[in-house]
Amino acid sequence: MSANTSVRVIIAGGGIGGLALAHGLRKAGIDVAVYERDRHRTDRLQGFRIHISPRGSRALHELLPEQLYRAFVAHSNPVESEFGFGFATERMSTLLELDRETIEGNPTDDVDRNFGVSRITLRQVLLSDLDDVVHYDKAITGYTQLPDGRVEARFADGTTALGDVLVGADGGTSRVRAQLLPHAQRVDTGIVAIGGKYMLTEQSRRRLAPRLQIAPVSVIPPKSCGMFVAPHEFGAAGADSGTIGGNDGAAQLYPGALFDNTRPYVLWSYAAKRIDYPADLEALGPRELQDLADRLTADWSPQLRELITGCDTDTVTLLPIRTSVPVAPWETTNVTLLGDAIHSMTPFRGIGANIALRDAHVLTGALTAAARGERPLLEALHDYETQMIGYGFAAVRASLQAAEQTVSDSRVSRTMARTVFRLAGALPPLKRKMFGGMGSEPEPAEI
């Protein structure tokens with residue numbers, strides 16, 4: 001059933017949440033336009049993997065046209081092997097292995113699943129069929145709420161856009177949030193990660209431990225740091241096939257492994273407190289960061305160090321970890337927020353993209369109900385914001401807790417964690433109780 005197209009929605013930001021919302025609204029027959037600050041569709045297409053949880057895949061299934069959801073599945077890596085997620089020591093001694101059934105139960109279809117997908121590919125999927133919706137080189141600078149109930153968005157190029165609703169989906173440095181909630185903060189956690197891509201070739205596969213090429217592993221050393229390792233295989237569906245699954249012109253604009261979207265790789269990320277790094281950390285280039293990570297893991301297993309020393313230097317990146325500070329509910333207007341624009345979080349639970357997709361799903365339902373005359377617009381938006389604040393900031397707190405645990409100074413707590421993992425590995429019922437549904441998003445009651 002189509003909605004009343006007299007309701008026009010403006011989305012500031014063409015990231016994962018904003019584009020997913022645009023698909024959902026257009027599917028419901030609602031007039032929508034996305035204003036994206038990037039000048040081209042291939043801007044900022046760094047090729048790292050993203051975890052999509054069962055809730056995230058369900059949201060994508062509901063929001064996308066069927067053929068685009070099928071394209072997402074075809075170009076993603078579901079958890080299929082006996083290894084779904086592992087925990088190991090810095091000497092590569094296994095602490096715990098979680099299989100697919102433990103992580104996600106026994107799904108009967110390709111919807112409620114965990115997937116690993118290239119960020120480039122996911123963006124290609126989300127941009128598909130939106131050529132008449134997405135407007136590039138439109139960085140929002142602010143908005144004005146008009147006397148007639150509409151909202152006018154202003155852009156850096158001097159143009160404006162009118163709508164009945166403005167959704168700020170413009171990321172962690174959101175200009176919409178800065179005007180709507182000037183008191184809302186996004187802060188540095190004091191944690192910094194160094195990450196890179198180890199490209200998988202016939203030769204490099206022989207040098208790298210087979211386990212590191214199969215499924216993600218979280219490395220738990222006895223001291224205040226940690227490493228996350230995640231392989232990404234493209235397979236037959238990952239070959240360049242036009243607009244989805246290949247480089248989409250990015251390789252020509254940005255040559256190098258960082259933007260490559262066809263060759264398999266293993267992502268690695270070493271995290272520690274800023275005080276444990278040299279003072280000139282931000283001034284270091286890729287080669288210097290790679291050498292630093294090598295020195296910091298000098299007593300680790302050669303299998304893990306191979307990821308660092310053998311990775312493509314051009315992909316080595318410094319990642320300061322930031323998080324939003326939860327805010328109290330605010331008075332609902334026809335301007336609202338979505339994704340990182342309101343609840344940006346650390347990457348340590350791997351749930352940020354899924355929370356943004358959940359936002360898009362819930363907000364699509366609210367706006368569709370309003371457009372059909374089933375609920376007053378502000379009432380529908382208030383309901384969305386109430387839900388989003390609850391589960392969104394629950395995820396913020398959970399991801400921050402995971403980040404702090406990763407770099408904890410307490411040897412006692414780290415030793416206990418390693419003991420618990422080993423115990424869970426030996427007792428399947430305990431493993432299922434502790435880790436069933438791992439990777440899903442926490443609800444407010446869990447925090």
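Throughout, numbering of the chain's residues begins at 1 and tracks the sequence. This is a predicted model, so every value here is computed, not measured.
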### Qualifying residue, where the test is salt bridge (Lys or Arg N to Asp or Glu O under 4.0 Å) with Arg26 and the options are Asp132, Asp129, Asp31
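It is Asp132, the one option of Asp132, Asp129, Asp31 that forms the salt bridge (Lys or Arg N to Asp or Glu O under 4.0 Å) with Arg26.
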Tell me if a side-chain donor or acceptor on [X] pairs with a main-chain N or O of [Y] at a distance below 3.5 Å.
X	Y	answer
Glu62	Ala59	no
Arg123	Gly14	yes
Arg91	Trp300	yes
Ser204	Met199	yes
His23	Leu126	yes
Lys27	Leu64	yes
Thr406	Ala402	yes
Ser57	Arg113	yes
Arg418	Ile220	yes
Arg177	Gly172	yes

### Name of the residue among Tyr136, Tyr35, Tyr143 meeting ring-ring contact (aromatic ring centres under 6.0 Å, His included) with Phe155
Tyr35
#### Entry: Qualifying residue for side-chain contact (heavy atoms from CB on, under 4.5 Å) with Leu367, from Val362, Thr336, Leu381
Leu381
Testing the 3.5 Å rule here: is there a donor-acceptor pair between the side chains of [X] and [Y]?
X	Y	value
Asp359	Tyr391	yes
Gln290	Asp294	no
Arg287	Thr313	yes

### Task
Assign the ring pair Tyr69 / His61 to parallel, tilted or perpendicular, where the plane angle (0 to 90°) is split at 30° and 60°.
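Ring orientation, 0 to 90° scale: perpendicular.
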### Query
Relative to the ring of Tyr277, is the ring of Tyr270 parallel (under 30°), tilted (30 to 60°) or perpendicular (over 60°)?
perpendicular
Nearest 0.5 Å, what's the [atom1]-[atom2] distance between [X] and [Y]?
X	Y	atom1	atom2	answer
Ile50	His232	CD1	NE2	10.0 Å
Glu385	Trp330	CD	CH2	5.0 Å
Leu292	Ile194	CG	CD1	4.5 Å
Gln303	Met92	CD	CE	5.0 Å

### Task
Given salt bridge (charged side-chain N to carboxylate O under 4.0 Å, His left out), test Asp409 with Lys273 step by step and report yes or no.
CA-CA 10 Å; Asp409 292 325; Lys273 293 180 180 178; 2.8 Å; yes
Is the closest side-chain heavy-atom distance between [X] and [Y] below 4.5 Å?
X	Y	answer
Glu404	Thr346	no
Leu181	Leu337	yes
Leu63	Leu21	no

Is any NZ, NE, NH1 or NH2 atom of the basic residue among [X] and [Y] found under 4.0 Å from an Asp or Glu carboxylate oxygen of the other?
X	Y	result
Asp188	Arg274	yes
Glu233	Arg49	no
Arg58	Asp112	yes

### Task
Could you walk me through whether Glu90 and Thr297 pass the side chain to side chain contact (heavy atoms under 4.5 Å, CB included) test, one step at a time?
CA-CA 8 Å; Glu90 80 288 356; Thr297 58; over 6 Å; no
